[in-house]
Protein chains: 2
Amino acid sequence: MPLTSQTDPPAHEACALIEDGLTADHVISIVGHCTVTYDGRTQSTLGPGDRVVLCKPDGTLLIHQPTGRKPVNWQPPGGTHETALVDEDVLVRSRRESPPEVVEVRFSEVAQVSSYPLTDEQDLELVGSEDDLRQHILADPSLLEPGFEPRATERETSAGPVDIYGVDTENTPVIVELKRRRVGPDAVGQLARYVTAAERERTDKIVRGILVAPSVTDRARRELDEQDLEFVSLEPADSSPTTATLDDFGETTGEKDSG
Amino acid sequence: MPLTSQTDPPAHEACALIEDGLTADHVISIVGHCTVTYDGRTQSTLGPGDRVVLCKPDGTLLIHQPTGRKPVNWQPPGGTHETALVDEDVLVRSRRESPPEVVEVRFSEVAQVSSYPLTDEQDLELVGSEDDLRQHILADPSLLEPGFEPRATERETSAGPVDIYGVDTENTPVIVELKRRRVGPDAVGQLARYVTAAERERTDKIVRGILVAPSVTDRARRELDEQDLEFVSLEPADSSPTTATLDDFGETTGEKDSG
DNA sequence: TACTGTATTTCGCTA
DNA sequence: TAGCGAAGTACAGTA
């Protein structure tokens with residue numbers, strides 16, 4: 001990989017390297033001492049400190065402090081990057097429209113600038129999503145309750161689309177809201193909105209509402225009871241990482257190569 | 001800044017550099033061709049591609065593809081990193097408990113390893129949050145409606161804490177839910193839950209519910225009407241970046257220095 | 001530690 | 001493009 005990298009570049013050279021990387025659609029990493037301003041959906045300022053800044057060719061800008069998963073400042077994809085020399089400082093600006101937002105990073109010192117021509121077509125394959133839970137139930141509706149018959153997914157109501165719509169053994173309409181993890185009051189409110197809307201659309205019938213999730217909080221449980229809504233405990237898949245601990249570090253590689 | 005960096009290191013040396021960086025509590029950047037596996041709240045795999053990997057001393061791990069704001073895989077802070085040499089590949093593993101999660105990155109090629117001793121004590125200062133909207137209203141309650149009297153913030157109900165609780169000119173209780181941006185049905189559901197809970201706690205009185213936000217969607221508006229809830233249009237601050245466009249690139253620096 | 005709600009949420013999908 | 005809901009959401013505040 002023909003990467004470019006320079007340590008402690010003078011400002012003008014840092015600028016030039018960044019410029020080259022932008023032109024070449026590289027991923028650029030800039031490490032140094034900087035301040036940051038942001039103006040858009042809100043506004044923010046960040047005083048001087050050491051950060052790692054990533055510029056991606058799709059317009060993404062990430063500014064990372066030495067701690068935390070979230071970038072302290074950022075720009076989502078879609079915009080464009082610029083760089084300029086300003087009073088011996090290196091300025092990096094990322095701008096986008098819709099919504100109009102500008103992030104400016106001003107380096108008083110650049111410790112390193114690197115530029116990488118990365119190629120990556122791979123998509124993440126993920127197991128254990130809400131969609132997996134839906135599949136799970138559709139494959140065996142009795143998991144929800146004996147005799148449950150799914151009739152539609154994403155069925156439209158005036159309050160929005162219902163995860164699973166079906167009927168029970170009494171032919172009573174059932175609205176099912178799925179959550180891949182433990183639920184709080186918000187999920188109850190969501191289910192309640194759908195049930196209310198469905199009842200409005202089928203005035204002759206009672207409509208049941210069932211919340212499906214691994215577990216509920218106490219408050220959510222109470223709110224379910226108060227509104228005559230039901231709860232069924234189900235998980236997306238049998239993913240129990242607690243027991244599936246990996247072996248000692250060096251020993252896990254055999255599995256991978258033998259596959 | 002005494003950073004360490006090496007381009008195209010042999011695997012064993014990459015490992016050693018990473019090891020040193022981990023020991024020194026540095027931020028480590030690894031760029032190369034790798035695969036990723038994740039096991040925890042869900043499971044995922046990612047086939048081979050070029051990525052930038054950041055290891056932070058607080059246990060954060062970020063794996064970035066050449067596009068997108070979100071890391072394709074990650075580990076939140078709190079865990080620990082390890083590295084090892086496995087069949088000529090460089091393995092980086094990040095592990096945490098509660099919840100138990102493991103991310104493994106396996107590099108078949110390392111293009112660059114860098115290690116940075118970063119220090120950054122700065123906190124972000126942000127304007128335009130929901131809290132700013134709250135302050136705005138508390139400073140001038142008539143913004144909500146003439147004669148409105150705030151009595152409490154974060155007032156507890158059985159459904160949770162209410163943003164602002166107060167009374168109108170008729171001494172009728174008013175529950176105010178604040179949102180810093182345009183709201184949809186979820187916010188209506190939230191307000192409805194609070195109002196219902198408050199009515200249950202004060203059976204003698206009608207309780208008003210007011211949603212405060214810059215704007216509402218059509219569906220949310222309809223749901224408000226159906227439940228006799230109200231809407232007031234307010235913004236956190238007069239931050240209108242649409243009109244506050246910055247001048248041409250090189251010309252903005254004057255403002256900053258003259259401030 | 002668990003619960004609750006905000007977020008410059010981001011992201012994907014759909015009308 | 002806007003609306004709607006999921007997310008391995010992350011994160012802060014609180015009990």
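Hydrogens, waters and symmetry mates play no part in the numbers below; they use all other heavy atoms, side chains included. Not measured: the values here are computed from a predicted model.
Backbone-only engagement by A/E177 is indicated by non-hydrogen atom pairs under 4.0 Å involving sugar-phosphate atoms exclusively. In this structure, B/P185 reaches the sugar-phosphate backbone alone: every heavy-atom distance under 4.0 Å involves primed, P, OP1 or OP2 atoms, never a base. Across all strands shown, B/A159 has heavy atoms under 4.0 Å from sugar-phosphate atoms exclusively, and none from any base. Looking at heavy-atom distances under 4.0 Å, B/L124 makes contact with a base. Residue B/Q190 is in sugar-phosphate contact alone, with no base atom involved, counting any heavy-atom pair closer than 4.0 Å across all strands shown.
Judged purely by distance below 3.5 Å, without hydrogens or angles, the side chains of A/K70 and A/H64 never pair a donor atom with an acceptor atom.
Map B/L126 and B/G160 each onto its nearest nucleotide of DNA chain C; the residue landing nearer the 5' end is B/G160. Nearest-nucleotide positions on DNA chain D place A/P161 closer to the 5' end than the other of B/V72 and A/P161. The nearest heavy atom of DNA chain C to A/S44 and to B/S98 marks one nucleotide each, and the one closer to the 5' end goes with B/S98.
For D/dG8, its base sits under 3.5 Å from the side chain of B/N73 at one donor and acceptor pair at least.
Remark: A/L224 CG to A/F231 CZ distance equals 8.0 Å, nearest 0.5 Å.
With sequence neighbours left out, A/R182 forms a salt bridge (charged side-chain N to carboxylate O under 4.0 Å, His left out) with no residue at all.
Chain B approaches DNA chain C over the interval C/dT1 to C/dC11, counting the first and last nucleotide 5' to 3' with an atom under 4.0 Å from its heavy atoms.
With both ends at atom P, the span from C/dT4 to D/dG8 equals 22 Å, rounded to whole Å. D/dT14 sits 25 Å from C/dT8 when the C1' atoms are compared, rounded to a whole Å.
Computed from coordinates, the B/E154 CD to D/dT14 P distance equals 8 Å when rounded to whole Å. Put simply, CG on B/D131 is 10 Å from P on D/dG13, counting in whole angstrom units. For the pair B/K179 NZ and D/dG3 P, the computed distance is 17 Å after rounding to whole Å. For B/R222 and D/dC4, the CZ to C1' distance is 13 Å, given to the nearest whole Å. Atom CD of B/E97 and atom C1' of D/dG8 are 16 Å apart (whole Å).
Both key distances under 3.5 Å define a Watson-Crick or G-U pair, and stretches of 3 or more such consecutive pairs in DNA chain D run C:1-7 with D:9-15, C:9-15 with D:1-7.
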Next item on the list: Please report the C-alpha distance between A/E101 and A/Y38 in whole Å, then the side-chain angles of each, then the deciding distance to 0.1 Å, and finally whether the side-chain hydrogen bond (donor to acceptor under 3.5 Å, both in side chains) criterion is met.
Entry: CA-CA 7 Å; A/E101 297 192 294; A/Y38 158 70; 2.3 Å; yes
Next item on the list: Go through the steps for B/D218 and B/R222 under the test salt bridge (Lys or Arg N to Asp or Glu O under 4.0 Å), then give the verdict.
Entry: CA-CA 6 Å; B/D218 287 349; B/R222 200 178 319 127; over 6 Å; no
Residues 130-138 of chain A side chain polar contacts: donor-acceptor under 3.5 Å, at least two apart:
{"residue": "A/D131", "atom": "OD1", "partner": "A/R134", "partner atom": "NH1", "Å": "2.4"}
{"residue": "A/D131", "atom": "OD2", "partner": "A/Q135", "partner atom": "NE2", "Å": "3.2"}
{"residue": "A/D132", "atom": "OD2", "partner": "A/G128", "partner atom": "N", "Å": "2.6"}
{"residue": "A/D132", "atom": "OD2", "partner": "A/S129", "partner atom": "N", "Å": "3.0"}
{"residue": "A/D132", "atom": "OD2", "partner": "A/S129", "partner atom": "OG", "Å": "3.4"}
{"residue": "A/R134", "atom": "NH2", "partner": "A/E154", "partner atom": "OE2", "Å": "2.8"}

Which protein N or O atoms sit under 3.5 Å from an N or O of nucleotides 9-12 of chain D?
{"residue": "D/dT9", "atom": "OP1", "partner": "A/R181", "partner atom": "NH1", "Å": "2.4"}
{"residue": "D/dT9", "atom": "OP2", "partner": "A/R180", "partner atom": "NH1", "Å": "2.6"}
{"residue": "D/dA10", "atom": "OP1", "partner": "B/R41", "partner atom": "NH2", "Å": "3.0"}
{"residue": "D/dA10", "atom": "OP1", "partner": "B/W74", "partner atom": "NE1", "Å": "2.8"}
{"residue": "D/dA10", "atom": "OP2", "partner": "B/R41", "partner atom": "NH1", "Å": "2.8"}
{"residue": "D/dC11", "atom": "OP1", "partner": "A/R69", "partner atom": "N", "Å": "2.8"}
{"residue": "D/dC11", "atom": "OP1", "partner": "A/K70", "partner atom": "N", "Å": "3.0"}

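Listed in residue order, the members of residues 213-221 of chain A having a heavy atom less than 4.0 Å from DNA chain C are A/T217, A/R219.
Checked against D/dG3, D/dG8, D/dA6, the side chain of A/E130 finds its nearest nucleotide in D/dA6.
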